[in-house]
Engineer: 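After the structure tokens below, expect a handful of questions from me.
What you see below is based on every heavy atom in this structure, not just the backbone, and it leaves out hydrogens, waters and symmetry mates. Atoms within a ligand are numbered from 1 in the order they appear, just like the ligands themselves.
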Amino acid sequence: MPQQYKNYIDGQWTDASNHAQTHDINPANTREELGTFPSATREDARRAIDAAQRAFSNWARTPMPKRGEILDKAANWLEARVDEVGAALTREEGKTFVEGKAEVARGVSILRFFAGECLQPTGDVYPSASASTFLFAERVPLGVVGLITPWNFPCAIPTWKMAPALAYGNTIVFKPAEITPLTAWYIVSAFEQAGLPPGVLNLVVGRGSQAGQELVENSKVKAISFTGSNEVGTRLAATVAQRGGKSQLELGGKNPIVVLNDADISRAVELTIQGAMLSTGQKCTATSRAIVVRDVANEYRDALAARVKQLRVGDGMQSDVYMGPLVSADAEKTVLEYIEIGKNEGARLVTGGEKLRGEEYAHGFFVAPTVFDNVTPDMRIAQEEIFGPVVGVIQAKDIDDAIALANHTRFGLSASVVTRDLNLALRFMREIEAGIVHVNSMTAGAEPQAPFGGFKESSSGTREQGKAAREFFTQWKTVYVDPL
Ligand code: UN1
């Protein structure tokens, strides 16, 4: 009998009001169930919002260093369980155990970074035109915030929203993706064990259309931070704006790796594979276009195909596996559809392109790592986010053409260039329309102390992580103090 998990509202683990349950399934082996979880209703979300609202004034008044201590304790709790939580993450999401553990370790670093931020200045003192006036501006919390997070980074993304939200004095209703609730349960447990007061962090596991929609529509929720699809994100932002709330969106990407003439081809291939195939391509920062200057295009394509064919696909808990399954049957269906679209558009399938068969793959959502060649810039596979282990090679005439092609997308999250030529790297850094630029590293990856987010339709303009996170989770209060 799999364990039955609950929502966490006002410091209590509670069943959903409708007693409905969802099953948390391993995408590498659908016969394995990791637990049953509630399917929260709007009513449950309302209770969580009310609890967060009641907890707000005490939490906002709790000294910031004390808030930092709680973040630090939560970090310690998670750090002591990196293997356990990493394995849970791998078993419910599918990425390899190496990646699962690395993600939990990243969650720990994020919590520690924001614990440190709790000792940083919270505002500025200004010179006043009046000799007697003490004039300062302080960053103060917003109130109740809603965090709606995706399944692809079930530890890193919730912690990078939660840590600043809590550090700056907000209270939270957290709605994780309904298909990765176990990692969410661990994160909330870390805060419970760290002594976070009841109501400060509430967990509602359920569907976006129920619990999520309540967060979006309820005017007690002052701000929503969302990572997910463009379709959901833009609708969400419109609804939140209409009721005067604030929203932050981290959405899709169509991230290029640009390979220039002088690149070390085997290094370029390695970076492409890391960016495109780790986490089975299910990152908004994943590499999905390889834009290669034509003099080296054939050499690069052949080397890429040869390496991709060697990648071991399987259950991410096995130590020799490089790439796990897709997260769900829906995800698998979408990726296979895009592969058909690519073929029909006239792209050439170089390797992969099919669902993997055989005993090892019989109970999971395994698709072969896939490379397309002869991709042209306006094909759907060159424009739409596939969110799977698929990369398309596009040829460029020269660096000008390569940068123009790289920018030829509605997205602008991350981009990478492979070159030893400093002048060309500098041009790329200046001209690329992307929030995150890599020179000689893969398109994915984000360190907690640096701002994270995209240009164009990849984000709503604010940045997550680092000191930049304060911008979204606080508001200015400007104070003029005069003697009487
Ligand atoms: C990373 O590249 O390691 O949903 C982080 C995503 C991004 C996070 C990427 N928001 O994939």
Engineer: Less than 3.5 Å between some nitrogen or oxygen of E250 and one of ligand 1, yes or no?
Structural biologist: no
Engineer: Has K101 got its NZ or CZ under 6.0 Å from the middle of the six-membered ring of F97, at an angle within 45 degrees of the ring axis?
Structural biologist: yes
Engineer: Pull out every atom of ligand 1 sitting under 4.0 Å from any heavy atom of I157, numbered as shown with elements.
Structural biologist: 4 (O), 6 (C), 10 (N)
Engineer: Looking at atom 8 (C) of ligand 1, what's its closest protein heavy atom, distance included?
Structural biologist: W160 CH2, 3.5 Å
Engineer: Within 45 degrees of the axis of the six-membered ring of Y168 and under 6.0 Å from its centre: does R67 put its NZ or CZ there?
Structural biologist: no
Engineer: Salt-bridged, E332 to K355, with N to O below 4.0 Å?
Structural biologist: yes
Engineer: Tell me which protein heavy atom sits closest to atom 6 (C) of ligand 1, plus the residue, atom name and distance to 0.1 Å.
Structural biologist: C284 SG, 2.6 Å
Engineer: Applying a strict 4.0 Å limit to heavy atoms, is G445 in contact with ligand 1?
Structural biologist: yes
Engineer: State whether a side-chain donor-acceptor pair under 3.5 Å links R112 with N76.
Structural biologist: yes
Engineer: Got the closest protein heavy atom to atom 5 (C) of ligand 1, with its distance?
Structural biologist: R106 NH2, 3.2 Å
Engineer: Which ligand 1 atoms are under 4.0 Å away from a heavy-atom of N152?
Structural biologist: 4 (O), 6 (C), 11 (O)
Engineer: Which of the numbered atoms in ligand 1 are below 4.0 angstrom from a heavy atom of A444?
Structural biologist: 2 (O)
Engineer: Please list the nearest protein heavy atom to atom 2 (O) of ligand 1 with its residue and the distance rounded to 0.1 Å.
Structural biologist: T285 OG1, 2.5 Å
Engineer: Please determine if K246 forms a cation-pi arrangement with F472, meaning its NZ or CZ atom is less than 6.0 Å from the six-membered ring centre and no more than 45° off the ring axis.
Structural biologist: yes
Engineer: State the atoms of ligand 1, each with its element, that fall below the 4.0 Å cut-off from a heavy-atom position in F452.
Structural biologist: 7 (C), 8 (C), 9 (C), 10 (N)
Engineer: Quick check on contacts: which atoms of ligand 1 are under 4.0 angstrom from a heavy atom of K283?
Structural biologist: 11 (O)
Engineer: Can you tell me how far apart OG1 (T149) and NZ (K161) are? Round to the nearest 0.5 Å.
Structural biologist: 7.5 Å
Engineer: Heavy-atom contacts with T227 under 4.0 Å: which atoms of ligand 1 show up? List them by number with element.
Structural biologist: 4 (O), 10 (N)
Engineer: Aromatic contact between W151 and F387, with the criterion being ring centroids under 6.0 Å apart: yes or no?
Structural biologist: yes
Engineer: Please determine which of E384, E457, E385 meets the salt bridge (charged side-chain N to carboxylate O under 4.0 Å, His left out) test together with R410.
Structural biologist: E457
